[in-house]
Amino acid sequence: DLEAGLRRRGERWSLDVNLFAMEFLGEILPVGQLTYIGTPLRTNVQSSWRRGVEADLSARPVSRVQIGITATAMHARIVSFTDDASGQTYRDVPPLLTPSFLSTQTASLDLSRFVSIAVVGRYVGNSRLTNTDDPAFALPSQYVADLSTTWTRGAHSASFFLNNATNNRGYASGHVAAGEARYYVLPPLNAMLLVRLGI
């Protein structure tokens with residue numbers, strides 16, 4: 001695992017950038033199918049790697065506003081993968097459920113000493129559901145945004161969350177069964193109220 005980073009700080013901003021290279025021998029990877037009790041099937045691969053860059057930028061342009069963005073761009077490969085079901089060997093393929101790009105964006109505004117609002121957006125690039133790089137078994141890219149407002153007074157607080165505010169279709173994960181791609185679908189537009197009472 002090789003990493004090198006840069007950290008910069010200003011009066012109202014901060015930036016962290018990290019380069020990484022993870023080289024694996026004998027990595028145990030899921031194969032995209034489940035056992036009869038629902039746990040992922042796994043296998044060893046002789047050699048694999050993940051290389052990329054991570055960045056984290058946050059800023060407070062004015063006292064009541066906070067913004068931030070994190071992003072990861074990654075290139076990952078399995079040098080050689082043999083599918084036990086077919087016996088076929090695939091070379092230089094991406095590991096399953098490993099998107100090449102993902103990012104989170106946040107913004108918050110303090111309306112008063114006690115009330116704030118925030119928005120959080122999450123983008124996840126497409127990825128494969130198997131280690132064969134078959135485009136028929138893919139987890140699509142997705143963008144989901146959540147809104148929230150929070151009231152705080154001393155040790156007490158109440159937060160209202162509007163999750164998946166744009167009502168986009170998103171997927172938490174997926175696998176392959178009976179030759180078909182199957183997905184774990186994220187909930188559509190939904191709301192939640194959270195109250196904390198300090199004692």
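Scope of the values below: all heavy atoms of this structure, side chains included, with no hydrogens, waters or symmetry mates.
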- request: May I ask whether L29 and F81 are part of the same hydrophobic cluster, defined by side-chain heavy atoms of I, L, V, M, F, W, Y residues being less than 4.5 angstrom apart, directly or through others?
  value: yes

Any side-chain donor near an acceptor of the partner, T150 and S159, under 3.5 Å: yes

query: Under 4.5 Å between side-chain heavy atoms, hopping through other hydrophobics if needed: is there a path connecting F160 to L111?
result: no

Under 3.5 Å donor-acceptor pairs involving side-chain atoms of residues 170-188, not counting sequence neighbours:
from: H175; atom 1: ND1; to: Y184; atom 2: OH; distance (Å): 3.1
from: Y183; atom 1: OH; to: A138; atom 2: O; distance (Å): 2.8

message: Please find the pair of heavy atoms, one from S103 and one from Q105, that lie closest to each other, and give the distance.
response: OG-NE2, 2.9 Å

- request: Look at atom CD of E23 and say whether more than 12 heavy atoms of other residues, nucleotides or ligands are closer to it than 6.0 Å.
  value: yes

Q88-D83 side chain donor-acceptor pair, cut-off 3.5 Å: no

query: Is any side-chain heavy atom of V53 closer than 4.5 Å to a side-chain heavy atom of V17?
result: yes

Atom pair CG (L15) and CG (D56), whose distance is rounded to the nearest 0.5 Å: 8.0 Å

message: With a 4.5 Å cut-off on side-chain heavy atoms, are E27 and M22 touching?
response: no

task: Locate the shortest heavy-atom distance separating V65 from L109; write the atom from each residue and the value.
output: CG2-CD1, 3.7 Å

message: Hydrophobic clustering (ILVMFWY, side-chain heavy atoms < 4.5 Å, transitive) - are L189 and F161 grouped together?
response: no

- prompt: Considering residues, nucleotides and ligands other than R9, do more than 12 of their heavy atoms fall under 6.0 Å from its CZ?
  reply: yes

query: Measuring from D133:CG to R77:CZ, what's the distance to the nearest 0.5 Å?
result: 6.5 Å

message: With rounding to the nearest 0.5 angstrom, report the CD1 to CG distance, I37 to L34.
response: 10.0 Å

task: Tell me, with the steps shown, if L97 and L129 meet side-chain contact (heavy atoms from CB on, under 4.5 Å).
output: CA-CA 6 Å; L97 299 177; L129 294 176; 3.8 Å; yes

field: W49 six-ring centre to R51 NZ/CZ under 6.0 Å and within 45° of normal
entry: yes

field: CZ/R169: more than 12 non-hydrogen atoms of other groups inside 6.0 Å
entry: no

- request: For the residue pair R91 and S80, confirm or rule out a side-chain donor-acceptor distance under 3.5 Å.
  value: yes

query: F137, L41: one ILVMFWY side-chain cluster at the under-4.5 Å cut-off?
result: no

- prompt: Could you give the distance from CG (N168) to CZ (R122), rounded to the nearest 0.5 Å?
  reply: 11.0 Å

message: Test side-chain contact (heavy atoms from CB on, under 4.5 Å) on T132 and V93; report intermediate values, then the result.
response: CA-CA 6 Å; T132 64; V93 290; over 6 Å; no

field: Flag side-chain contact, heavy atom, 4.5 Å: L147 against I117
entry: no

- line: Tightest non-hydrogen contact, residues V31 and L96, listed as C-CD2, 3.4 Å

message: Distance check, rounded to the nearest 0.5 Å: R8 atom CZ versus D16 atom CG?
response: 11.5 Å

message: With a 6.0 Å cut-off (strictly less than), is the heavy-atom count around CD1 of I28, excluding the residue itself, greater than 12?
response: no

query: Got a donor-acceptor contact below 3.5 angstrom from the S116 side chain to the T149 backbone?
result: no

query: Looking only at heavy atoms, what is the nearest atom pair of N126 and R128, with distance?
result: OD1-NH1, 4.4 Å

message: Within the 3.5 Å criterion, strictly below it, is a donor on N18 or E3 matched to an acceptor on the partner's side chain?
response: yes

- prompt: How many angstroms lie between atom CH2 of W151 and atom OG of S157, to the nearest 0.5 angstrom?
  reply: 8.0 Å

query: Looking at L162 and A191, what are the two nearest heavy atoms and their distance?
result: CD1-CB, 4.3 Å

message: Ignoring hydrogens, what is the shortest heavy-atom contact between R50 and A76? Give both atom names and the distance.
response: CG-CB, 3.5 Å

query: Any donor and acceptor pair, going by atom type alone, linking the side chain of R60 with main-chain N or O of Q66 inside 3.5 Å?
result: no

message: Are N131 and Y90 packed together at the side-chain level, in the sense that at least one heavy-atom pair is separated by less than 4.5 angstrom?
response: no

- prompt: Do L102 and Y143 share a hydrophobic cluster, counting only Ile, Leu, Val, Met, Phe, Trp and Tyr and linking them when any side-chain heavy atoms are less than 4.5 Å apart?
  reply: no

query: Step by step, would you call V79 with V45 a side-chain contact (heavy atoms from CB on, under 4.5 Å)?
result: CA-CA 8 Å; V79 175; V45 294; over 6 Å; no

task: Start with the C-alpha distance between M74 and T98, add both sets of side-chain angles, then the distance that settles side-chain contact (heavy atoms from CB on, under 4.5 Å), and finish with yes or no.
output: CA-CA 9 Å; M74 178 170 56; T98 306; 3.5 Å; yes

